[in-house]
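Just so you know, these numbers use all the heavy atoms, side chains as well, and skip hydrogens, waters and symmetry mates. The chain is numbered in sequence order, starting from 1.
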Amino acid sequence: MSAEALSSAQERPMVRNRTDGHVIECNGDKAIIHAKTGPSITASDDYWSVGQLISIQVAGNRVVGLVYKVDLPHAEWQQDADQSIHIHVELVGQVDTQLDGKLRFSSGITTYPHMGAIAHRIRAADLATIYTTSLKNTVSIGHLSQNADIPALISVDSLISRHFAVLGSTGVGKSSAVTLLLRKIIAQRPDLRILILDPHNEFASAFPDLAISIDYSSFDLPYWMFKLEEFGEAVFRGRPQIAAEIDILRDLIPLAKERFANVEAAATSSLLKRERDAASMTADTPTPYRMTDLIKLLEERIGQLDGKTDRPTMKALRYRLQALVADPRYRFMFSAPATLDTMRQTVGHIFRVPKNDRPICVFQLAGLPSEVVNSVASVLCRMAFDLAVSSDGNVQTLVVCEEAHRYIPADTSAGFWPTRQAIARIAKEGRKYGVYLSVITQRPGELDPTILSQCSTVFAMRLGNERDQEIIRGAISGASQSAVGFLSSIANREAIAFGEAVPTPMRMMFETIAPEHLPAAHMTQQQEAMRSGDSHVSLDMILGRMRQLNAADNTATDHASAGFHTPEKPAMVQRPATPLPPPVRSQWRAAESVPIIEEPRKPARSETEGFRASDLIRSFRTDKT
């Protein structure tokens with residue numbers, strides 16, 4: 001470039017002065033505009049840039065178009081001369097001026113642009129009109145990418161009641177966006193409860209003032225709250241289940257529940273418990289039973305089957321159960337006292353009844369045995385739905401599934417069927433009862449398309465995979481299809497939002513979150529401390545955690561595979577006295593002899609919390625039988 005040309009380019013004013021283009025081609029959904037650019041044009045160089053919205057004057061209205069391509073009629077650029085360019089736009093709607101002078105945006109177009117119609121950059125007032133929604137209960141979550149002065153508004157009610165998804169590659173700010181959305185939701189809907197399935201243990205630090213955190217060392221999820229399929233997944237350690245052994249469990253678990261109920265009734269002399277119809281119990285009824293009773297029933301059957309073909313199957317199942325109970329990694333299933341019905345504490349703590357100013361429960365799945373994570377997710381999602389139904393919609397819960405492709409993969413033969421079924425039930429029927437779904441994933445191409453199609457609002461962040469982009473392209477209906485072309489190059493924290501919660505697809509930038517509210521902030525602080533030399537590594541602590549996470553893995557596998565040998569030992573294998581220092585248990589499980597939630601009571605309670613948790617549990621169990 002010559003010195004004169006460079007000087008001329010530097011002296012051009014970089015302001016968005018208006019310049020006009022003219023329509024030279026138009027069909028039902030797209031148009032081509034001819035315009036001039038060069039040294040004599042006072043508008044900025046990016047006036048006709050891709051991704052911007054423009055207006056086309058048609059009578060008294062302005063048709064709105066999204067620029068998705070800019071090219072030259074002839075592939076030759078002349079630096080020092082004015083030249084023609086073609087702007088390709090996708091028509092997305094029109095802005096009308098009402099009789100009272102107010103502006104109104106409509107996604108339909110009544111009159112299409114004619115040849116020679118004048119086009120220019122959209123006015124700020126028109127842009128604000130497009131994204132100023134008439135939906136109820138709106139909140140700002142950021143600003144438009146085209147104009148930072150215009151807020152990005154969403155309807156909270158439409159967002160949660162029809163489910164939503166946040167999609168994007170690793171490192172683009174998905175977790176931060178989810179944190180922002182959940183804080184906005186809680187601020188607008190304080191009656192709502194939120195359950196986060198957190199596979200990376202990163203969200204607890206994002207809500208220090210709003211959430212309780214549950215990890216593998218501080219919670220109980222009794223085995224008798226698992227349905228038969230879910231319990232079988234734990235018994236077989238994620239391997240294919242043996243139908244004959246499952247059938248035995250289906251027969252014996254109701255008998256173990258009946259035996260426990262009879263002992264409980266005799267001990268308490270309760271007329272109500274004596275009148276309980278034990279025959280109505282099934283393997284899926286969430287009522288307590290003792291593992292010792294189940295194993296004794298197995299041994300009784302083994303004693304009656306000497307020499308018969310079913311005896312090896314019975315013995316294999318007995319050793320699987322003994323290995324499961326002895327495995328310290330499954331302590332959360334067996335640590336609660338077997339003589340107490342702890343369902344009230346468990347449900348109340350996880351689903352925040354009462355909330356006690358902390359409506360969010362972050363359920364940390366990292367640290368759980370990988371073969372039981374799907375079972376735990378299935379139990380939690382199923383309980384969320386059943387709780388909403390049993391409470392007649394008084395306990396409304398938003399279930400957030402991070403890394404959702406793990407639980408509901410596109411391949412129907414993969415994953416765990418009960419988990420897929422529980423999440424699908426929320427997606428298809430949950431809004432009628434007050435239980436909602438949020439799907440978070442970096443691999444939408446590996447997610448069950450049926451579940452994704454139930455999410456009526458989608459925040460699509462940067463996605464480089466062509467298959468993932470095709471899924472988003474299929475989800476955007478009507479105009480703005482070309483917006484998908486920007487997904488591979490949009491910035492971090494930027495997203496294309498579309499669906500029920502926004503008036504029209506919009507490219508927006510999420511608000512910045514305070515550093516102390518970022519997901520995994522504790523990990524970031526620890527890493528910074530290590531870099532600055534303010535911290536040291538405790539190898540003993542690391543090795544202790546490694547042993548606690550992986551203890552008895554090989555032993556349990558060997559026991560399960562060696563089930564045809566019968567050692568002369570008691571039916572119930574006792575857990576080692578102190579294989580590791582016992583984990584610190586949270587205060588809600590204070591005294592085993594007093595089965596109530598030990599949380600401070602608040603004097604003021606909302607109307608939605610005026611019901612008793614015991615009534616919910618009674619209704620819950622009635623539905624299951």
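- When side chains are defined from C-beta on, Ile423 counts as touching Tyr407, because their heavy atoms get closer than 4.5 Å.
- Taking CG from Leu255 and CD from Glu300, the interatomic distance works out to 9.5 Å, rounded to the nearest 0.5 Å.
- Taking OH from Tyr433 and CG from Asn394, the interatomic distance works out to 14.5 Å, rounded to the nearest 0.5 Å.
- Every residue two or more places apart in sequence or in another chain that forms a salt bridge (Lys or Arg N to Asp or Glu O under 4.0 Å) with Arg183 is listed here: Asp209.
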Q: Please report the C-alpha distance between Trp224 and Met343 in whole Å, then the side-chain angles of each, then the deciding distance to 0.1 Å, and finally whether the side-chain contact (heavy atoms from CB on, under 4.5 Å) criterion is met.
A: CA-CA 9 Å; Trp224 48 263; Met343 187 172 183; 3.6 Å; yes
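- Atom CG in Leu181 sits 6.0 Å away from atom CD1 in Ile185 (nearest 0.5 Å).
- Glu230 and Tyr223 share no donor-acceptor pair across their side chains, judged by distance under 3.5 Å alone.
- One finds the CG atom of Leu182 at 10.5 Å from the CD1 atom of Ile160 (value rounded to the nearest 0.5 Å).
- Counting heavy atoms from C-beta outward, Tyr330 and Arg237 have side chains that approach closer than 4.5 Å.
- Note that OG of Ser375 is 11.0 Å distant from CG of Leu380, once rounded to the nearest 0.5 Å.
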Q: Please step through side-chain contact (heavy atoms from CB on, under 4.5 Å) for the pair Leu221 and Val379, ending with a clear verdict.
A: CA-CA 9 Å; Leu221 194 61; Val379 172; 4.1 Å; yes
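- Closest non-hydrogen pair, Pro254 versus Ala283, comes out as CG-N, 3.7 Å.
- In this structure Ala256 satisfies the side chain to side chain contact (heavy atoms under 4.5 Å, CB included) test together with Tyr289, Asp293, Leu294, Leu297, sequence neighbours excluded.
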Identify all side-chain donor-acceptor contacts of residues 439-455 below 3.5 Å with residues at least two apart in sequence or on another chain.
{"from": "Thr441", "atom 1": "OG1", "to": "His405", "atom 2": "ND1", "distance (Å)": "2.7"}
{"from": "Thr441", "atom 1": "OG1", "to": "Arg443", "atom 2": "N", "distance (Å)": "3.0"}
{"from": "Gln442", "atom 1": "OE1", "to": "Thr170", "atom 2": "OG1", "distance (Å)": "2.1"}
{"from": "Asp448", "atom 1": "OD1", "to": "Thr450", "atom 2": "N", "distance (Å)": "3.0"}
{"from": "Asp448", "atom 1": "OD2", "to": "Arg420", "atom 2": "NH1", "distance (Å)": "3.0"}
{"from": "Ser453", "atom 1": "OG", "to": "Pro449", "atom 2": "O", "distance (Å)": "3.3"}
{"from": "Ser453", "atom 1": "OG", "to": "Thr450", "atom 2": "O", "distance (Å)": "2.7"}

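- Residues Gln396 and Arg193 are not in side-chain contact: their nearest non-hydrogen atoms beyond the backbone lie 4.5 Å or more apart.
- Considering only residues two or more places apart in sequence or on other chains, Arg467 meets the salt bridge (Lys or Arg N to Asp or Glu O under 4.0 Å) condition with none of them.
- When only modelled atom types and interatomic distance are considered, Thr282 and Thr285 share a side-chain donor-acceptor pair under 3.5 Å.
- A distance of 10.0 Å separates CG of Leu159 from OG of Ser456, quoted to the nearest 0.5 Å.
- Among residues two or more places apart in sequence or in another chain, the salt bridge (Lys or Arg N to Asp or Glu O under 4.0 Å) test is passed with Glu245 by Arg320.
- In this structure, Phe416 has no ring-ring contact (aromatic ring centres under 6.0 Å, His included) partners at least two apart in sequence or on a different chain.
- Under the 30°/60° scheme for interplanar angles, the aromatic rings of Phe459 and Phe164 are found to stand perpendicular.
- Not a single donor-acceptor pair under 3.5 Å links the side chain of Thr179 to the backbone N or O of Ala206.
- A salt bridge between Glu371 and Arg329 is present, with a side-chain N of the basic residue lying under 4.0 Å from a carboxylate O of the acidic one.
- Checked for salt-bridge contact, Arg189 and Asp157 meet the test: a charged N lies under 4.0 Å from a carboxylate O.
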